[in-house]
Amino acid sequence: MRLYLDCADRAELAPLLDTGLFSGVTTNPLILQRGGVRLAEVPALVHWLLERGTAEVFVQTTAADADRIVAEGRELRALSDRVVVKIPATTAGLTAARRLADQGVPVLVTAVYHALQALTALAAGARWIAPYVGRMTEQGRDGHEQVAQMQRILTGSSTGVLAASLRSAEDVRRLALLGVEAVTVGAPVARALLTEPLTEAAVADFDRAVAQLRD
Ligand code: G3P
């Protein structure tokens, strides 16, 4: 399973990207807003990420109709061949995703809230779908169950689940056991993934022993 960072805040991203453990960065207008990044500043953020060796950068279209989504997607892809275009799973978005996929542009269909949308994203030729697991659960659906169904629907296809809207490291553990291809997590969950209190305690024991052995 691949790990991605769902973040646009350079101060949060830098130390996590420096671990080399994250395959890329995902963004959307909410993530940009949380990170204080204006739309006009997105190319600069993409270049900053690529210069740090980020393998994949996901950027979301903002247009409403299919023609303009396609045009925007092509502009985003022109920034780099490491840019993946994110498009919400609306009818216009799926229509645009199909056209962009036919043009060889990798697409992630996002804001997915139901297993049926795995079917439509598959028909659109999407490389990824991003189910909003936390939001599904908070809005009365069982997010993990929906993802399990998406996994079964996508078995054998070239469309993978990149699960998003995750609230804890436990969400990541459960999704990994479901076999999802990737997850994207905010900086707090990313840090939680890297921190195990019992490991920290064991290292403190090692350090005490080393100090004593050096005396
Ligand atoms: O990438 C998905 C993210 O923007 C939505 O997650 O945390 O707002 O539910 P969240």
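The figures here come from the full heavy-atom set of this structure, side chains too, leaving out hydrogens, waters and symmetry mates.
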Peer 1: Using side-chain heavy atoms (C-beta onward) and a distance below 4.5 Å, is His144 in contact with Val133?
Peer 2: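 Yes. Closest side-chain heavy atoms under 4.5 Å.
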Peer 1: Taking the side chain as every heavy atom from C-beta outward, state whether Gln149 and Leu116 have any pair of such atoms under 4.5 Å apart.
Peer 2: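 No, their side chains stay 4.5 Å or more apart.
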Peer 1: Can you find a heavy atom in the side chain of Arg77 that is under 4.5 Å from one in the side chain of Pro106?
Peer 2: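 When only atoms from C-beta onward are counted, Pro106 and Arg77 do touch, with a gap below 4.5 Å.
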Peer 1: I need the Leu100 CG to Thr61 OG1 distance, nearest 0.5 Å.
Peer 2: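 Result: 8.5 Å between the selected atoms.
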Peer 1: Can you give me the closest heavy-atom contact between Ala89 and Val109, atom names plus distance?
Peer 2: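 Where Ala89 meets Val109 most closely, the heavy atoms are CB-CG1, 3.4 Å.
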Peer 1: Should Tyr4 and Leu154 be regarded as members of a common hydrophobic cluster, given that ILVMFWY residues are connected when their side-chain heavy atoms come within less than 4.5 Å of each other, either directly or indirectly?
Peer 2: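 No, because Tyr4 and Leu154 fall into different hydrophobic clusters, even though each may have its own neighbours under 4.5 Å.
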Peer 1: For Asp67 and Val70: C-alpha separation, side-chain torsions, deciding distance, then whether side-chain contact (heavy atoms from CB on, under 4.5 Å) applies.
Peer 2: CA-CA 5 Å; Asp67 290 343; Val70 170; 5.7 Å; no
Peer 1: Mind checking the CG-CD1 spacing from Asn28 to Ile87? Nearest 0.5 Å is all I need.
Peer 2: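 Taking CG in Asn28 and CD1 in Ile87, the distance rounds to 13.5 Å.
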Peer 1: Please check if Leu3 and Leu49 belong to a single hydrophobic cluster, counting links between Ile, Leu, Val, Met, Phe, Trp and Tyr side chain heavy atoms closer than 4.5 Å.
Peer 2: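 Yes, same cluster.
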Peer 1: Out of Leu16, Leu21, Thr54, Thr26, which residue meets the side chain to side chain contact (heavy atoms under 4.5 Å, CB included) rule with Leu5?
Peer 2: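 It is Leu16, the one option of Leu16, Leu21, Thr54, Thr26 that forms the side chain to side chain contact (heavy atoms under 4.5 Å, CB included) with Leu5.
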Peer 1: Tell me if a side-chain donor or acceptor on Thr184 pairs with a main-chain N or O of Ala164 at a distance below 3.5 Å.
Peer 2: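 Looks like no, no N/O pair under 3.5 Å.
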Peer 1: Listing request: all salt bridge (charged side-chain N to carboxylate O under 4.0 Å, His left out) pairs with a residue in residues 84-98, at least two apart in sequence or in separate chains.
Peer 2: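 Qualifying pairs, neighbours excluded: Arg98-Asp102.
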Peer 1: Could you pull out the closest heavy-atom pair between Gln151 and Val161, with the gap in Å?
Peer 2: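 Gln151 and Val161 have their closest heavy atoms at OE1-CG2, 3.3 Å.
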Peer 1: Are there more than 12 heavy atoms of other residues, nucleotides or ligands under 6.0 Å from atom CZ of Arg68?
Peer 2: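 No, CZ of Arg68 has 12 or fewer neighbouring heavy atoms, counting only those of other groups under 6.0 Å.
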Peer 1: Cluster question for you: counting only ILVMFWY and a side-chain heavy-atom cut-off of under 4.5 Å, with indirect links fine, are Met1 and Val84 together?
Peer 2: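 Different clusters: Met1 never reaches Val84 through Ile, Leu, Val, Met, Phe, Trp or Tyr contacts under 4.5 Å.
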Peer 1: Given side chains that start at C-beta, do those of Gln139 and Tyr113 come closer than 4.5 Å, heavy atoms only?
Peer 2: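 Counting from C-beta outward, Gln139 and Tyr113 do come under 4.5 Å.
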Peer 1: What I'd like to find out is whether the side chain of Asp18 reaches to under 4.5 Å of the side chain of Arg52, using heavy atoms alone.
Peer 2: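 The answer is yes; the side chains approach within 4.5 Å.
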Peer 1: Hey, is CD on Gln33 packed in by over 12 heavy atoms from elsewhere, all under 6.0 Å?
Peer 2: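 Open.
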Peer 1: More than 12 non-hydrogen atoms from neighbouring residues, nucleotides or ligands closer than 6.0 Å to CG on Leu213, yes or no?
Peer 2: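 Atom CG in Leu213 is packed in, count exceeds 12.
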Peer 1: Group every Ile, Leu, Val, Met, Phe, Trp and Tyr by side-chain heavy-atom contacts under 4.5 Å, then state whether Trp128 and Val147 land in the same group.
Peer 2: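 Different clusters: Trp128 never reaches Val147 through Ile, Leu, Val, Met, Phe, Trp or Tyr contacts under 4.5 Å.
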Peer 1: Do Asp6 and Leu166 have side chains that get closer than 4.5 Å, going by heavy atoms?
Peer 2: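 Side-chain contact under 4.5 Å: no.
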Peer 1: For Arg173, give me all partners under salt bridge (charged side-chain N to carboxylate O under 4.0 Å, His left out), at least two apart in sequence or on another chain.
Peer 2: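 Salt bridge (charged side-chain N to carboxylate O under 4.0 Å, His left out) list for Arg173, sorted by chain: Glu170.
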Peer 1: Using only atom types and a distance under 3.5 Å, with no angle test, would you say the side chain of Thr199 pairs donor to acceptor with the backbone of Thr195?
Peer 2: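 No; zero donor-acceptor contacts below 3.5 Å.
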Peer 1: Side chain of Ser80, backbone of Arg82: donor and acceptor closer than 3.5 Å?
Peer 2: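 A pair under 3.5 Å: yes.
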Peer 1: How far does CD of Glu56 sit from CG of Leu50, to the nearest 0.5 angstrom?
Peer 2: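 With rounding to 0.5 Å, CD (Glu56) is 11.0 Å from CG (Leu50).
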Peer 1: Please find the pair of heavy atoms, one from Ala96 and one from Ala66, that lie closest to each other, and give the distance.
Peer 2: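 What the structure gives for the nearest pair is CB-O, 3.7 Å.
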Peer 1: About how many Å separate CG of Asp9 and CG of Leu45, when rounded to the nearest 0.5 Å?
Peer 2: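 If we round to the nearest 0.5 Å, Leu45:CG and Asp9:CG are 10.0 Å apart.
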Peer 1: Hydrophobic clusters here meaning ILVMFWY residues chained together by side-chain heavy-atom distances under 4.5 Å, can you tell me if Val42 and Ile31 are in one?
Peer 2: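 No, Val42 does not connect to Ile31 through the hydrophobic network.
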Peer 1: One pair to check against side-chain contact (heavy atoms from CB on, under 4.5 Å): Val210 and Arg214. What are the steps and the verdict?
Peer 2: CA-CA 6 Å; Val210 165; Arg214 278 204 182 108; 3.2 Å; yes
Peer 1: Test: salt bridge (charged side-chain N to carboxylate O under 4.0 Å, His left out). Region: residues 176-200. Which pairs qualify, not counting sequence neighbours?
Peer 2: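 Checked against salt bridge (charged side-chain N to carboxylate O under 4.0 Å, His left out) - neighbours excluded - the pairs reaching residues 176-200 are Arg2-Glu181, Glu12-Arg191, Arg127-Glu181.
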Peer 1: Do Phe58 and Thr110 come close enough that some side-chain heavy atom pair is under 4.5 Å?
Peer 2: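 Heavy-atom side-chain distance check fails, nothing below 4.5 Å.
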Peer 1: Would you call Arg174 and Leu177 a side-chain contact if the rule is heavy atoms closer than 4.5 Å?
Peer 2: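 Answer no - side chains too far apart.
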Peer 1: Might you point out which heavy atoms bring Leu79 and Pro43 nearest each other, and give the distance in Å?
Peer 2: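 Result for this residue pair: CD2-CB, 4.0 Å.
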Peer 1: For Thr27 and Ala8, work out which heavy atoms get closest and say how close.
Peer 2: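 Thr27 and Ala8 have their closest heavy atoms at CG2-CB, 4.5 Å.
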Peer 1: Is there a side-chain contact (heavy atoms from CB on, under 4.5 Å) between Glu72 and Thr62 once you walk through the steps?
Peer 2: CA-CA 8 Å; Glu72 199 178 351; Thr62 60; 2.9 Å; yes
Peer 1: Verify, without hydrogens or angle tests, whether Gln146 (side chain) and Ala115 (backbone) share a donor-acceptor contact under 3.5 angstrom.
Peer 2: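 A pair under 3.5 Å: yes.
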Peer 1: Mind running side-chain contact (heavy atoms from CB on, under 4.5 Å) on Gln117 and Ile129 for me, showing each step along the way?
Peer 2: CA-CA 9 Å; Gln117 292 176 300; Ile129 63 169; over 6 Å; no
